[in-house]
Amino acid sequence: MKLKRIVQTVAAIVQNSYIPAIFAGGIYQGFLKRACTPILNCWGCPLAWYSCPMGALQHFIGLRLIPFYIAGLFGAVGMTIGRMTCGWICPFGFFQDLLYKVKSFKMRLPGLFSYFKYVVLVGVAGIVVYVTAEPWFCKLCPDGSLIAGIPLVLFDKTGDLRALVGWHYYMKISVLIAVVVFSISIKRFFCRTFCPIGAIYSIFNRFSLFKLEVNDEKCIKCESCQTKCPMHVPIYRSASNIDCIRCLDCVKVCPTNAIKHKIR
Amino acid sequence: MPSNTRYGKAALISAFVVGGGQIYSRRIWSGIVLAGLFYGSIALMVIIWTGINQAFWGLLAAWILFWVYNILDAYKGFRYQKPPCEKACPAGIAPWIYINLICNNSEEKYPFIPFFGTLEHICPAPCESECTRRGIDAAVAIKYLKRCVSMEEPGRAANARREKIAIIGAGPCGLSAAHYLGRKGYNVTVYEREEKPGGVLAILIPRFRLPDAMLDAEIKATLGPNVELKCDVEIGKDLKFEELLENYDAVLVAIGAWRATALGIPGEKIALSGFDVLRKIKNGERFDLGTVGVIGGGNTAIDAARSLRRQGNDVKIFYRRRIMDMPAEKEDRIEAQEEGIEIVPLTTPVEMKKGITVMTRTECTEGRKGGVEIVRDSEFEVKLDAVVITAGQWPESNFMKDHVTTDRHGRILTKNGRTSQPKIYAAGDAVLGSATVAHAVGQGLSVAEELDRRLRKVPGFWHRMVRREFLPGVRQISMHTDKKIEIPHRAVEERVKDFNEVELKAPNEELKKEACRCLTCPIKYNP
């Protein structure tokens, strides 16, 4: 198995391994929940140790406070490694990677869709939340329905939550199904099009300490890096593309070793 | 992996059981995952069902999306990322597939493509210049490997259709289109101005590049059922273009580029045209001219020079740009130089007199796209007994200028094969100017597909969605680290005496070894 897959599996387990929840029900509400993971991982998941930075950000925006903590976290992680967390420790990204492995008819996403995640960040997770004081991105987030919504309702012991299932829950599930279908045919569809955390980190990709470098003299423009890339980034043309998640697959696949990673 | 014929059934099964078609076409894991996700989500909703509400319709829409995707997937099959060689091919051939078939001694055959054998002999091989292996040592000899590909026989024709289609020109483009449309069941009539079909292949390409037997077999294979060939009919002279428009449902113009351009210099009339020379040599005429100068740097120039050289003439080629800018195939150019043909670059004629041609030096630094500047006071005289001019060809589209829009060179302006008038389609050199046979075949096939789609009134997006792709059982091959094979050629002294083929066939083991140099990019680079 590749190192990346091992890290992704271990990270998914480390972030979601509060075993008592399986027997006792409910979610973990202890000390560690005060810390945010640097990626999208719903804090409503019964097994989750940490909280989701997007959920926390919307919480602060809803309260109309300045989210210093979240801004500091995003800034610190983004400035050092850019979008690397998406490629190595994001469980929902891992889920999409696995879905794309299904041998089926594949499609390409037009490049313009990459900018739609900024609309989601500013619109759904920003302005709408500020006006309505409700976390509207969380209400639609497919990761939330996958790891929190489904297990909480399915293994509900008291029956309180199942009584709450209504149109909102149906909507969440339909969003999840649509995202799953598109992720089977398009590489990391959610990460490229919707993820607001990816949108924030992608701004830092150009300035981060850790970065990729392409040696133009060695590059033979075979595009094998782009075909291998889980985000379908033309890395040989733009080494600090907003969609680059620094998974370093391109470094390994390059037939002439033209791509190198380095610390600025 | 499945062959093409099973896809329709797979789609039907998938329509009833999600994932069933995938399992039927032996993509077992895909089928299981799709079925699991689909029926899993239904089971989940059944378990926690709380009645219909507004968002139920959204849920239904998501399920329908899943269902449609699943049928499409069963119909189209797993789509791979096109590797560089396939992307580069103007004729739409997938070299990596046949290379893989050779390497694995596979019994599967490559699907029929018109003029496949011809392309093996005369193609500038853009695939080889894109080959990933070039970055390591040298490209795989993709073009040469076509020799040991076993190809399918062309399949049976579909049910006959009422529509009649006329194709003007029986060149590589026209015949490819005729083949495609004939198999689809249309009544196709091909009009050819010359006595025999083949266009450039039959008239211009010399025998040492393309053997006659090969060409005849290729043309015979393309003229299948439903295709009628009418030779010796010139549209605009023997038959009016308007008559065609009245009698047929669609007209495909594949007239090629046959109008030679003039240089516009004094005394040009005494020069011979490259077309005439090649045509007459192919008909068996002899030219004993002495010292001949060939003006131009395209394939026609090289062909004319080599043909004249084979008849015992002393040949020099004059080209106005650098040798590296010549549009002719590099391989042919090197063979020509081996045969004793001198290439004089950066030279252009300014005046022609009997026995003497005045030349001038030129300057060119930007390659083929940039202009050429004449160096002042650099005229010099060259003693030449005859001059052959081969300087660019454009289409003769005058007979239909009332019906379609053309640019100033006479090239027909098209969009996806459609011209300004809905009934008229155009393809090949008539659209591109003088291009290669590979371009002609590719355009012929794609425009025929477009024509078929328009006659059946299928919306474009739907046509693109349901188009199927060929995928045989491609396996990873153990890569060879050897150098590229040296293609055997006949000895120079021997080959300048006759018009027999120059390239020889290498032993089969050598060819297999060469095929195994392929990096199998699509397998390696797809996740």
Side-chain angles (χ1 to χ4, degrees), chain A residues 2 97-108 145 149-154 156 161-185 187-188 218-230 232 249-250 253-258, chain B residues 1 22 27-34 37-38 40-42 44-45 47-63 65-70 72-84 87 130-136 465 469 519 521-522 524-527:
Chain A
K2 280 193 303 184
D97 276 351
L98 293 181
L99 283 181
Y100 191 78
K101 273 184 171 276
V102 174
K103 281 212 161 95
S104 67
F105 134 69
K106 306 292 184 198
M107 292 188 280
R108 283 203 185 161
S145 30
I150 292 172
L152 277 180
V153 174
L154 214 53
D156 187 18
L161 282 170
R162 199 170 283 191
L164 286 174
V165 170
W167 69 273
H168 175 227
Y169 192 80
Y170 282 32
M171 191 172 65
K172 254 178 109 90
I173 297 291
S174 37
V175 169
L176 176 64
I177 293 173
V179 166
V180 163
V181 171
F182 281 114
S183 308
I184 291 174
S185 61
K187 283 176 181 173
R188 286 215 182 200
K218 276 187 181 177
C219 178
I220 54 172
K221 303 203 169 37
C222 62
E223 296 185 4
S224 41
C225 48
Q226 190 177 8
T227 24
K228 182 73 190 173
C229 179
H232 208 72
D249 276 356
C250 48
V253 83
C254 184
T256 58
N257 295 327
Chain B
M1 283 201 190
Q22 282 81 354
R27 276 186 290 140
I28 294 166
W29 282 108
S30 313
I32 290 175
V33 172
L34 286 180
L37 288 169
F38 186 76
S41 64
I42 290 183
L44 172 78
M45 290 317 291
I47 291 170
I48 55 173
W49 187 249
T50 53
I52 289 183
N53 53 43
Q54 303 95 311
F56 173 71
W57 305 112
L59 202 60
L60 208 63
W63 277 329
L65 175 77
F66 204 133
W67 183 68
V68 169
Y69 173 75
N70 145 69
L72 257 179
D73 173 37
Y75 190 71
K76 290 187 66 125
F78 172 48
R79 183 162 173 197
Y80 58 93
Q81 306 272 2
K82 279 186 185 172
K87 256 191 226 162
E130 293 293 316
C131 182
T132 316
R133 178 93 199 203
R134 246 164 67 103
I136 300 171
M465 284 304 262
E469 277 164 49
L519 299 173
C521 312
K524 269 211 176 109
Y525 299 146
N526 272 321

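To find a chain, count down the sequence lines: A is the first, B the second, and so on, and within it residues start at 1.
- Considering every non-hydrogen atom in both Ile177(A) and Phe66(B), the closest pair reads CG2-CD1, 3.9 Å.
- Across every non-hydrogen atom of Phe182(A) and Leu65(B), the tightest pair is CE1-CD2, 3.9 Å.
- Ile48(B) places none of its side-chain heavy atoms less than 4.5 Å from the side chain of Asp156(A).
- No hydrogens or angles considered: nothing links the side chains of Tyr169(A) and Thr50(B) as a donor-acceptor pair under 3.5 Å.
- Checking Val33(B), Asp73(B), Asn70(B) one by one against Ser104(A), the side-chain contact (heavy atoms from CB on, under 4.5 Å) holds for a single residue, Asp73(B).
- Trp57(B) does not touch chain A: none of its heavy atoms, backbone or side chain, sits under 4.5 Å away.
- Summarising the geometry, atom NE2 belonging to His168(A) is positioned 11.5 Å from atom CG belonging to Asn53(B); distances are rounded to the nearest 0.5 Å.
- Contact of Ile47(B) with chain A is made through backbone and side chain together, with heavy-atom distances under 4.5 Å.
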ask   = Yes or no on side chain to side chain contact (heavy atoms under 4.5 Å, CB included) for Tyr170(A) and Gln54(B), after CA distance, side-chain angles and deciding distance?
value = CA-CA 9 Å; Tyr170(A) 282 32; Gln54(B) 303 95 311; over 6 Å; no

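- Contact detail for Ala62(B) and Ala178(A): the closest heavy-atom pair is CB-N, 4.5 Å.
- The most heavy-atom pairs under 4.5 Å with chain B, out of Ile184(A), Val153(A), Asp249(A), Val175(A), come from Ile184(A).
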message = Run Phe105(A) and Tyr69(B) through side chain to side chain contact (heavy atoms under 4.5 Å, CB included) and show every step you take.
response = CA-CA 9 Å; Phe105(A) 134 69; Tyr69(B) 173 75; 3.9 Å; yes

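- Proximity to chain B (any heavy atom under 4.5 Å) is restricted, for Leu99(A), to the side chain, taken from C-beta onward.
- Lys103(A) and Arg27(B) make their closest contact through O-NH1, 2.7 Å (heavy atoms, listed as atom of the first residue, atom of the second, distance).
- Proximity to chain B (any heavy atom under 4.5 Å) is restricted, for Val180(A), to the side chain, taken from C-beta onward.
- Only the side chain of Leu34(B) comes within contact range of chain A, with heavy atoms under 4.5 Å apart.
- Partners of Ser41(B) by side chain to side chain donor-acceptor pair (under 3.5 Å), not counting sequence neighbours, listed by chain and number: Trp63(B).
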